[in-house]
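Below is one structure, written out as structure tokens; comments come after it.
Numbering of residues begins at 1 and proceeds along the displayed sequence. Side-chain atoms are counted along with the backbone in the values below, which use heavy atoms only and exclude waters and symmetry mates.
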Amino acid sequence: LVVTYTLLNVCIAVILEAWENAETTEGANIKEEAMVAYCNEWQKYDPDGKHYIALTDLPTLLQELPSPLGFLEPPATIVEVHGTPGAEDEYFVLETDDGSVVSTMEGGVAVPRKVLRSELRFPKTNVDQPPMEKATLMKRMRVRYTKSTAQAQAEVFRMQLKSQTTKEGMHVVSFLPTAVACAHRSFNNLSINEDLLGRVQEQVGDKMAGHTDIEFHPAKILAVMLIVRQARCLLFRENMLEKLKEYQKDKAGFLKSIEKHKAAAAAKLNPPKEETKGETKQKPEEKKDVETKKSK
């Protein structure tokens, strides 16, 4: 019983520690609204519901897709305006809602990022608003910012998406693998294997066929959420295996602790009999002499 409870406690400790690691190593909290935003943006480039878009369109799609799946960051405030409006030397310094300046790394040091006008977006689309190219931008204005075209192209290249070629010779990427790659980019140290992607596609592929309305179709959202959920479980399993290996290395000490618990339990079940007052323990030789005298 003691061994069973000890093993159970170790297993619980391993599982809790692995789950805690899985929670803390995730770099993004991908919720349903992020999936809907992804589907909405995808539909602009795939109005016929063919489930693929041109590879060259993907950087632009991600520039307009809100984070964590895309590059468009939450609203920030303009705190500095530099250069001539509309000229090449124009740039802006932004501050996020937590008071930190939007920065980039240069030579291992964080410096304020020079955000160009082409990287800015208005928080809300308004018919009366002029296009960003002609808008008057000043301090304390609220804007959103995204990656530049060159940065977006470089990021897409790092995502290592496997493109396919159509009969017309156009390189395209599919809906599900692109969603996986976007989710992958939003997690830290997360590996998603091809077998997992294949199984997910088999499960939801028939549900997705023939649907041209991507925007709010539940099967589309469910498919992407299933991928993310599977990815979370995969990371959890990896962490749990690592922890089990660590405990296995210290097997000798673990077994020693079990023996100690067993001895302590046995001592509690069979406590030594206490001697009554006035009684003295006889030696074996004395006991023999007494028995001999009695027999005589």
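With hydrogens and angles disregarded, a donor-acceptor distance shorter than 3.5 Å links the side chain of Y38 to the backbone of A179.
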Run the side-chain contact (heavy atoms from CB on, under 4.5 Å) check on K162 and V173 step by step: do they pass?
CA-CA 7 Å; K162 291 182 180 178; V173 288; over 6 Å; no

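Of all heavy-atom pairs spanning A135 and F122, the tightest one is CB-CZ, 3.6 Å. Closest approach of K147 to Q151, counting heavy atoms only: CA-OE1, 3.5 Å. Minimum heavy-atom separation, S148 to E119: CB-OE2, 3.3 Å. What you find for L61 and W42 is that their closest heavy atoms are CD1-CA, 3.9 Å. M141 approaches T136 most closely through the heavy-atom pair SD-O, 3.5 Å. Contact between A34 and L69 at its shortest, heavy atoms only, is O-CD1, 3.6 Å.
Contact annotation: the side chain of V93 never approaches that of V115 to less than 4.5 Å [non-hydrogen atoms, C-beta and beyond]. The side-chain heavy atoms of Y145 and L94, taken from C-beta on, include a pair separated by under 4.5 Å. You'll find the side chain of T146 stays beyond 4.5 Å of the side chain of L65, heavy atoms only. F175 has its side chain within reach of C39: a pair of non-hydrogen atoms, C-beta onward, lies under 4.5 Å apart. Under the 4.5 Å side-chain criterion, counting only non-hydrogen atoms from C-beta, Y45 is in contact with T60. At a threshold of 4.5 Å between non-hydrogen side-chain atoms, the residues S118 and M132 do not count as touching. Residues L62 and E41 are not in side-chain contact: their nearest non-hydrogen atoms beyond the backbone lie 4.5 Å or more apart.
Cluster note: M170 groups with Y52, V172 through ILVMFWY side-chain heavy atoms spaced under 4.5 Å, whether in direct contact or through intervening members.
Distance check, rounded to the nearest 0.5 Å: NZ of K50 to OG1 of T166 gives 9.0 Å. To the nearest 0.5 Å, the span separating CD1 on I53 from CD on Q43 amounts to 12.5 Å. A distance of 5.0 Å separates OG1 in T178 from CG in L161, rounded to the nearest 0.5 Å. Expressed to the nearest 0.5 Å, how far CG of L58 lies from CD of E155 amounts to 10.5 Å. The structure places CD1 of I78 at 9.0 Å from CE of M138, a figure rounded to the nearest 0.5 Å.
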Just distance, no hydrogens or angles: give the donor-acceptor pairs under 3.5 Å from side chains in residues 98-112, sequence neighbours left out.
{"unit_1": "D98", "atom_1": "OD1", "unit_2": "T96", "atom_2": "OG1", "d": "2.3"}
{"unit_1": "D98", "atom_1": "OD1", "unit_2": "S100", "atom_2": "N", "d": "3.1"}
{"unit_1": "D98", "atom_1": "OD1", "unit_2": "S100", "atom_2": "OG", "d": "2.7"}
{"unit_1": "S100", "atom_1": "OG", "unit_2": "T96", "atom_2": "OG1", "d": "2.8"}

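Applying the salt bridge (charged side-chain N to carboxylate O under 4.0 Å, His left out) test to residues at least two apart or on different chains, the pairs with a partner in residues 71-95 are E90-R117. Every pair passing salt bridge (charged side-chain N to carboxylate O under 4.0 Å, His left out) that includes a residue from residues 57-68 is listed here, sequence neighbours excluded: E64-R121.
Residues satisfying the ring pair (Phe, Tyr, Trp, His ring centres under 6.0 Å) test with Y91, not counting sequence neighbours, are H82. Contacts of T149 classified as side-chain contact (heavy atoms from CB on, under 4.5 Å), with partners at least two apart in sequence or in another chain: Q63, Q153.
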